[in-house]
Amino acid sequence: MEVSELKNILNAYNLDASEFKCDMHGDGLINKTFLLQHTQCDEKYILQKINTAIFFEPQIIANNVRNAAQYLKKNFPEYCFINFIQTKDGEDFFIIYDNEFWRLMPFVQNSFSYNTITNVKQAYDTAKKFGEFTARLYGARVDLFESSIANFHNLELRYQQFTEACGNITSERYLHAKPIIDFLIYNSNIVVTYKKIVSENILPQCIIHADTKINNMLFDKTTLQPVCIIDYDTIMPGYYISDIGDMIRTMVCTADENEIDKNKIVLSKDYYDAVIDGYLQSMQNILTEAELKYIHYAGIFMTYMQALRFITDYLNNDKYYSIKYAEHNFDRAQNQCTLLLQLIELNSNRFFV
Ligand code: GN1
Ligand code: MG
């Protein structure tokens with residue numbers, strides 16, 4: 001980022017850019033994230049530029065975050081929730097040229113994140129902490145929240161977008177992706193289950209985080225305990241299976257979604273059980289029997305959807321996710337298919353439809 005740009009942004013927050021070091025931060029695929037560190041003291045912030053090609057209406061994010069913050073402050077004042085810092089004009093964002101939305105947040109001191117789980121206890125504690133988020137917000141008024149991305153976890157629509165992206169059957173990318181495409185079509189019964197959940201109204205809408213991947217949890221550097229969830233862009237109404245599903249997707253495998261060596265993409269049954277147990281420790285008094293029936297569908301649902309989304313983006317020439325090399329989305333999709341197959345096998349004695 002240019003110095004003059006940083007100066008302009010930080011000025012809106014009454015901060016002096018010359019006192020801070022600014023570096024790219026984290027592994028997010030959508031927004032641009034920077035860590036601001038004061039050169040003389042411990043003061044640190046997270047500065048983010050919202051990707052408005054994806055989040056068309058950033059104000060929806062701000063409203064959702066404000067609603068969640070107000071509810072948590074009133075009912076669970078001890079809960080760690082990171083609010084946006086207001087600009088000196090009292091705004092949630094600093095807006096440049098009408099379409100660049102910048103926001104500033106405090107950095108949680110002494111914290112860090114992981115891209116994979118390293119032991120069973122950590123899997124349990126992390127899932128419990130993520131579950132606590134949904135549990136705490138369970139009494140909040142769902143109608144006050146809006147989707148920051150319409151149909152974000154609508155699997156039927158994601159499948160439709162995938163079939164549309166498969167339209168050009170002579171393209172090099174289509175031919176290269178054919179085995180992945182066939183695998184996903186072969187497993188489209190996962191979409192049938194989703195349609196049934198929607199049409200029969202089996203799951204109630206609640207407030208979800210919708211991006212509960214392991215690196216959206218902060219851990220304390222000293223105690224190594226999970227302390228706080230980050231990335232509130234997709235707090236919205238949805239089904240609980242989105243959140244437990246993304247935990248399973250990112251916490252039961254010994255490698256993350258960027259791993260290209262198939263032999264390293266191994267599902268740990270111990271981690272899987274720990275994630276379910278930890279999550280239920282927070283959520284079992286809330287989930288109904290009807291909801292509980294779908295807990296093992298959740299990981300399959302989210303991993304399948306992520307595979308669809310990565311391969312769709314590959315077929316569409318990488319318009320959505322940031323990539324580090326040409327085949328990145330293809331590799332990610334293959335990675336998710338490898339994990340999905342193991343999740344399907346693990347749950348082969350269970351029927352969801
Ligand atoms: C995106 O940018 P990030 O890493 O927070 C995506 C999630 C995906 C994830 C895959 C708004 O999240 O849905 O699960 O990549 N967010 C959006 O790593 O599409
Ligand atoms: Mg996110």
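Whatever order the structure lists them in is the order used to number ligands and atoms, beginning at 1.
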- Task: Under the ring-ring contact (aromatic ring centres under 6.0 Å, His included) rule, what do Y159 and F162 come out as? Steps first, then yes or no, please.
- Result: CA-CA 5 Å; Y159 192 77; F162 158 72; 5.5 Å; yes
- What's within reach of the Mg ion (ligand 2), meaning protein N/O/S atoms under 2.8 Å? D211 OD2, D231 OD2
- Message: Is a donor from one side chain sitting under 3.5 angstrom from an acceptor on the other, for Y124 and Q281?
- Response: yes
- Message: Can a side-chain donor-acceptor contact be found between D233 and S148 if the only test is distance below 3.5 angstrom?
- Response: no
- With salt bridge (Lys or Arg N to Asp or Glu O under 4.0 Å) as the test, would you mind laying out the steps for D246 and R249 before giving the verdict? CA-CA 5 Å; D246 223 20; R249 183 180 79 79; 2.6 Å; yes
Could you check ligand 1 for N or O atoms lying under 3.5 Å from protein N or O atoms and list the pairs with distances?
residue: ligand 1; atom: 2 (O); partner: L29; partner atom: N; Å: 2.8
residue: ligand 1; atom: 2 (O); partner: I30; partner atom: N; Å: 3.1
residue: ligand 1; atom: 4 (O); partner: L29; partner atom: N; Å: 3.3
residue: ligand 1; atom: 4 (O); partner: K213; partner atom: NZ; Å: 2.5
residue: ligand 1; atom: 5 (O); partner: D211; partner atom: OD2; Å: 2.8
residue: ligand 1; atom: 5 (O); partner: D231; partner atom: OD2; Å: 2.9
residue: ligand 1; atom: 12 (O); partner: D211; partner atom: OD2; Å: 3.4
residue: ligand 1; atom: 13 (O); partner: R309; partner atom: NH1; Å: 2.9
residue: ligand 1; atom: 14 (O); partner: Q306; partner atom: OE1; Å: 2.8
residue: ligand 1; atom: 18 (O); partner: K213; partner atom: NZ; Å: 2.6
residue: ligand 1; atom: 18 (O); partner: E257; partner atom: OE1; Å: 3.1
residue: ligand 1; atom: 18 (O); partner: E257; partner atom: OE2; Å: 2.5
residue: ligand 1; atom: 19 (O); partner: R309; partner atom: NH2; Å: 2.7
residue: ligand 1; atom: 19 (O); partner: Y320; partner atom: OH; Å: 2.5

- Using the ring of each side chain (for Trp, its six-membered ring), is H25 parallel, tilted or perpendicular to F107, with breaks at 30° and 60°? perpendicular
- Who else is in the cluster with F20 when I, L, V, M, F, W and Y are joined by side-chain contacts under 4.5 Å? M1, L6, I9, L10, Y13, L15, M24, F34, L36, Y45, L47, I85, F94, I96, Y97, W102, L104
- Should the pair R309-D313 be classified as a salt bridge under the 4.0 Å nitrogen-to-oxygen rule? no
- Message: Tell me whether the rings of Y79 and F133 are parallel (<30°), tilted (30 to 60°) or perpendicular (>60°).
- Response: tilted
- Item | Pairs touching residues 36-49 that satisfy salt bridge (charged side-chain N to carboxylate O under 4.0 Å, His left out), sequence neighbours left out | K49-E100
